[in-house]
Every structure is written in structure tokens, then in C-alpha cells.
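One structure is given here, and the rest of the page talks about it.
Model, not experiment: these values are computed from the prediction. Note that these values count all heavy atoms, side chains included, but never hydrogens, waters or copies made by symmetry. The chains referred to below are lettered A, B, ... by the order of the sequence lines, with proteins before strands, and numbering in each begins at 1.
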Amino acid sequence: MTQSMERLRGFRDIYPEEMRGREKLFSSAESVSRSYGYEKIDFPSLESMELYRLKSGEELVGQTFSFVDRGGREVTLVPEATPSVVRMLVSRKDLSWPVRWYSFQKFWRYEEPQSGRLREFYQFNADLFGPDNHAVDAENISLAASILDSYGLSGRYEMRINSRELMNLLIAKTGTSNLPGALAVIDRLEKTDQETLLKDLAECGIGKNEASGLLDLITTPASDGNLENRIISVPGVEPILKRVKKTISLVRATTQSDVVLNLSTVRGLSYYTGIVFEAFGKEEKTRSILGGGRYNEMAALLSGSPIPAIGFGMGDVVVEGLMRKLGIWNEARTSDRVYICTSSEDYMEYAFSVSSLFRKSGIDAEVDLSGRGLSAQMKAASRSGSRVAVIIGEREYGSRKVTLRNMVTGEQQEIDVSNAAAQAKRSILKR
RNA sequence: GCCGGGGUGGGGUAGUGGAUAUCCUUGGGGACUGUGGAUCCCCGGACCCGGGUUCAAUUCCCGGACCCGGCCCCA
């Protein structure tokens with residue numbers, strides 16, 4: 001293949017057999033979201049670069065697909081949903097709270113492709129605007145968990161929950177003024193060795209004793225009953241911890257999967273102001289499957305007046321990778337359809353009208369258009385996965401009948417065309 | 001942007017400084033003139049691209065793009 005024919009780096013072609021798993025990924029997320037009262041929105045794939053400069057700064061703009069358009073405007077292929085969603089939100093003054101919105105569309109980031117990460121991907125997003133309390137937090141996290149559960153991942157992931165406010169207090173206690181720096185170090189906790197962590201924290205102005213105390217605290221599992229006692233003595237922690245615990249117990253009421261307090265979950269350098277959460281595979285090591293949190297300042301950044309907000313994003317790449325590893329990605333294709341064969345092209349018009357009857361009865365019908373011998377057509381019928389083959393030859397044509405062959409059992413019968421669809425339905429259901 | 005690894009038909013592979021590039025699978029056709037899955041037969045289909053070394057490169061060397069994984073970053 002010549003170079004110009006190759007796909008661009010980090011982009012994918014999706015063939016039909018791969019679409020089956022993907023369609024489940026999309027449709028389950030959407031129907032679960034609707035069942036929670038979330039409504040679907042959509043927004044442009046191209047936005048002004050300013051939207052991201054405002055929110056994230058130059059270093060993130062460098063990781064986008066950006067260019068100058070013919071009108072001299074700096075534009076960016078959308079790398080994430082939140083700024084666009086918030087722009088939509090603040091543009092409307094007639095919304096009644098709470099607003100629950102979701103979207104599922106393509107995003108682009110100019111990064112090196114690697115495990116769980118591509119340059120073009122789909123991301124599901126769900127946000128709730130308006131009220132700010134533990135029930136709101138819990139409902140948004142419950143939606144995230146319910147979607148993963150609907151994928152058959154129940155019990156196979158862990159929902160980690162933390163609070164930015166809580167971390168701010170714990171980190172401030174070490175005496176550093178470089179909060180974002182310390183959070184960034186903590187975000188890298190799992191892939192960094194102890195020595196480097198201490199060194200990096202020292203660069204944030206945290207002394208060795210303070211740093212190892214902080215790391216010890218963060219890595220203590222929530223199942224250790226002492227953890228709460230150790231942090232609750234820090235001034236200001238108590239009400240925050242109380243809210244987090246209430247949130248966790250509400251989420252637990254909606255999922256069988258593990259929901260845990262995890263002090264190392266901080267979500268990088270982003271715009272979160274309160275609760276943060278991330279889901280990780282339990283059996284298989286994964287990047288975060290989804291992640292989100294409360295971001296109460298974003299609306300003010302765009303419009304001047306704050307609107308409390310919580311939301312999460314879930315990319316398709318990591319979920320797909322996990323489901324593949326667990327062997328639940330592409331489950332059996334449906335075959336509730338018929339394959340229509342003709343013994344001669346002379347009967348094609350009859351075959352078309354028969355196919356139309358099937359389709360009007362709600363049965364998918366594929367007509368063999370090849371003009372090949374019946375033997376070859378039957379082979380194609382078998383390979384197509386159809387449970388029923390419809391055979392049309394001289395006899396059937398003359399008597400206004402069709403032959404239905406159950407491709408699983410091999411039974412077949414010649415039947416009047418008016419009863420064919422109903423009979424095929426029975427045959428399909430019989431399996 | 002940086003680092004490590006990798007490439008032979010659609011998928012999986014064998015092999016080689018020189019001749020028609022191996023096998024399995026998939027796809028098409030046939031044996032089977034109105035019936036699929038089994039068997040047999042036939043057919044189609046590949047050495048990532050460019051440069052170098054050489055009489056000769058799919059093979060050796062260099063570079064590039066691409067793929068896999070990691071760093072940075074993770075919205």
C-alpha cells in the first residue's frame with residue numbers, strides 16, 4: 001500500500017464486525033442515561049481555540065489538532081466536551097435546574113498513540129448543573145457506575161472517590177504553597193517510585209518528613225479503619241469527609257461494584273473544585289476507564305456568573321480494551337433475519353416483492369443478487385448467519401409460494417407467500 | 001516531542017544475498033445441472049516506503065511513515 005493510502009497515525013477504521021461491540025457501547029450508555037433523566041445534546045467538532053486557552057492554557061493547546069482557517073481564525077478540533085457544554089449552558093437563560101445533559105461524540109487530541117489512547121476517539125459525557133450537594137454528586141457517579149454495569153462490567157471495576165477540598169487541606173498542612181504541583185505528583189503516584197515521589201514533592205516545597213507522611217496517608221487503603229481517624233483531626237476536614245461518605249453510600253445503593261474512598265485519585269491539574277472520581281479495572285490493569293468531578297468555577301470563567309456543575313467523561317478506547325481482555329466485547333451477532341435465494345434470475349422480481357413482505361413484517365431480509373447457482377447461494381446464506389433461508393425457484397414462483405429452510409435444524413417447508421413472514425418469525429424464534 | 005520493540009497475501013505463518021516465496025485460514029469457482037456446514041480439486045491474493053552496499057536486496061545498513069508498548073501530558 002502506498003503511503004498516501006495509509007490511515008493517519010492514531011486513527012481507526014471500523015469494520016462491520018467491530019461495529020457490533022461499539023453499537024452496544026453507545027446504545028447502552030444512552031439508554032441508561034435517559035433512564036436517569038439525562039437528555040442528549042450535540043455540539044460542533046470545531047471550536048475557537050480561545051475556548052481552550054481560557055480554560056486550560058497554552059500547554060494543552062499544544063496537544064490539540066489546531067489550525068488557522070481561511071478566515072484567519074485559530075480553530076481546534078474539540079479535544080474534550082466540557083468547555084463546549086458549558087458554553088451551551090451559559091448561552092441559555094431559560095433553563096430550569098437541574099440540567100442533566102449527555103453527549104457521545106468524537107474528539108481529537110494530538111498525542112502519541114499508546115495503550116488506551118488514540119488521536120481520534122469517542123467520548124461519552126454526562127453533566128449535571130444547578131444544585132450542589134452530596135445527592136447530586138452521588139447521582140452523577142451512579143450514572144457512571146450504571147453504564148459500566150450495563151456493559152457487563154459489574155464487579156469488575158472499582159469506583160475511586162476523593163475530594164479536591166479534602167486534598168487541599170491535607171496538602172496545605174505540609175506547609176507548601178504549590179498545591180497544583182503537589183496534586184500533579186500525587187496523580188502520578190502509581191507509576192512513580194517512592195524516591196522520585198519524595199524528590200518531586202520536595203520541589204513543591206514539601207520537606208521529607210511531611211512528604212512521606214502525606215504519601216503514607218494517601219496510600220493507606222480506605223478499608224483501614226484508622227485512616228478516617230488520622231485525617232479527621234485536620235482542621236476543616238470533618239464536614240468534607242462527611243459529605244464524601246454520604247456520597248459513597250448513596251452510590252453504593254445503586255451498584256454492586258466497589259465504591260471506595262481513595263486519596264490518590266486527584267485528576268491531574270484540571271479544573272475540579274470538589275468531589276473527583278475515577279473507575280479502574282480490577283482484574284486487568286487499565287488506564288482510568290472514566291473520570292470526572294465537580295467543577296463549580298467553569299461557568300464563571302465563560303460568563304461571569306458561577307453555576308455549580310458535576311460531570312464525567314468516558315472514552316471508548318479504554319472501555320473497549322478492558323472488555324476485550326475480559327472476553328465480553330463482541331458477543332454473538334444477531335441472526336434474526338432471512339436470506340433469499342433464487343434458482344434463476346427470472347424470479348428476481350418475485351424475490352424482491354417477497355423481501356418487501358418480510359421487511360414490512362419487521363424481519364430483515366437479504367436478497368442474494370449474485371446470479372450464482374443455488375448451491376453457492378445456500379453457502380452464502382449459511383455464512384451470512386441468517387437463521388432462515390428463503391428459496392424461490394420455478395415451483396414456488398408458479399404457485400406463489402416460497403420454501404423456508406431453517407438453517408439450524410435443516411427443516412424446510414413450502415408455504416404460501418402470505419404466511420411466509422409469520423412462519424419465518426416462528427422459525428426464527430424457535431431457534 | 002522523547003525512548004524501547006515490531007513488520008512476508010484480508011488474518012496467522014515458513015523461508016532466503018540469486019530461480020516460480022512455504023503452509024494454514026479467509027475469499028471466488030467447481031465436483032454437486034433446486035439446497036449450506038464435511039471432503040477433494042482449481043483460482044485470486046504478500047516481502048511497509050525511500051536511499052545505500054552489492055553483479056544481484058524481501059534478506060545486510062541507514063532514514064522515514066506506520067503498528068505495539070512506555071515517558072511527558074491526561075481535558
*Can you tell me the distance, in whole Å, between the CG atom of A/L51 and the P atom of B/A75?*
17 Å

*RNA chain B: A/Y272 or A/F11, which has the more 5' nearest nucleotide?*
A/F11

*So what does A/Y271 hit on the nucleic acid, given a heavy-atom distance under 4.0 Å: a base, only sugar-phosphate, or nothing?*
sugar-phosphate

*Using purine N1 to pyrimidine N3 plus N6-O4 or O6-N4 for Watson-Crick, or N1-O2 and O6-N3 for G-U wobble, both under 3.5 Å, which nucleotide pairs with B/G45?*
none

*Once you round it to whole Å, what is the distance between C1' of B/C71 and CD of A/E112?*
11 Å

*Mind checking the P distance from B/U13 to B/C3? Whole angstroms is fine.*
29 Å

*asked:* Restricting to side-chain contact (heavy atoms from CB on, under 4.5 Å), what partner residues turn up for A/K208, sequence neighbours left out?
replied: A/L198

*Interatomic distance where CZ belongs to A/R9 and C1' belongs to B/C66 [whole Å]*: 7 Å

*asked:* Across nucleotides 29-44 of chain B, 5' to 3', mark each nucleotide with B, S or - according to how protein heavy atoms within less than 4.0 Å reach it.
replied: S----BBBB-------

_Side-chain N,O (A/T82) to OP1/OP2 (B/A75) below 4.0 Å_ = no

_Tell me which nucleotide, if any, is Watson-Crick or G-U wobble paired with B/A19 when both distances must be under 3.5 Å._
none

*Counting side-chain heavy atoms from CB outward, which of B/A75, B/C73, B/G70 is closest to A/R117?*
B/C73

*Which nucleotide in the list B/C66, B/G1, B/C73 gets nearest to the side chain of A/E6?*
B/C66

*asked:* So A/G10, base contact, sugar-phosphate only, or nothing? Heavy-atom distance under 4.0 Å.
replied: sugar-phosphate

*Quote, to the nearest angstrom, the C1' distance that separates B/G6 from B/G12.*
16 Å

*Which nucleotide, in any strand shown, forms a Watson-Crick or G-U wobble pair with B/C71, with both distances under 3.5 Å?*
B/G1

*Where is the tightest heavy-atom contact between A/G393 and A/S343, given as atom of each residue plus distance?*
CA-OG, 3.2 Å

*For atom CZ of A/R287 and atom C1' of B/C71, their distance in whole Å*: 10 Å

_Rounding to an integer number of Å, can you tell me how far A/Q63 CD sits from B/A75 C1'?_
9 Å

*Please state the P separation for the pair B/U58 and B/A46 - nearest whole angstrom.*
15 Å

*Determine the interatomic distance between P on B/C60 and the same-named atom on B/G5; round to the nearest Å.*
16 Å

*Atom CZ of A/R7 to atom P of B/C49: distance rounded to whole Å?*
17 Å

*asked:* For a 4.5 angstrom cut-off between non-hydrogen side-chain atoms, does A/I307 reach A/V99?
replied: no

*asked:* Heavy atoms only, 4.0 Å cut-off, all strands: where does A/R188 land among base, sugar-phosphate and nothing?
replied: sugar-phosphate

*Determine, for A/F11 and A/R119, whether the Lys NZ or Arg CZ falls below 6.0 Å from the six-membered ring centre while staying within 45 degrees of the axis.*
no

*RNA chain B: 5'-proximal contact among A/G116 and A/G291 (nearest heavy atom)*: A/G116

_Residues forming a side-chain hydrogen bond (donor to acceptor under 3.5 Å, both in side chains) with A/D346, sequence neighbours excluded_ = A/S344

*asked:* Work out how far the C1' atom of B/U8 is from that of B/A21, and round it to whole angstrom.
replied: 9 Å

_For the C1' atoms, the ones on B/G10 and on B/G28, what distance do you get once it is rounded to whole angstrom?_
14 Å

*Shortest non-hydrogen separation from A/T176 to A/I171 and the atoms involved*: CG2-CG2, 3.5 Å

*Sticking with atom C1', work out how far B/G27 lies from B/C62, rounded to a whole angstrom.*
39 Å

*asked:* Work out how far the P atom of B/C61 is from that of B/C42, and round it to whole angstrom.
replied: 39 Å

*Send over the distance from A/F121 CZ to B/C73 C1', rounded to a whole Å.*
13 Å

*Please list all pairs passing the ring-ring contact (aromatic ring centres under 6.0 Å, His included) test where one or both residues lie in residues 376-422 of chain A, with sequence neighbours left out.*
A/Y347-A/Y397, A/Y350-A/Y397

*Send over the distance from A/E111 CD to B/C67 P, rounded to a whole Å.*
15 Å

*Excluding sequence neighbours, so at least two apart, what forms ring pair (Phe, Tyr, Trp, His ring centres under 6.0 Å) with A/F43?*
none

*In chain order, what residues pass the ring pair (Phe, Tyr, Trp, His ring centres under 6.0 Å) check against A/Y102, with sequence neighbours excluded?*
A/F124

*asked:* Which nucleotide, if any, forms a Watson-Crick or G-U wobble pair with B/G37, using both distances under 3.5 Å?
replied: none

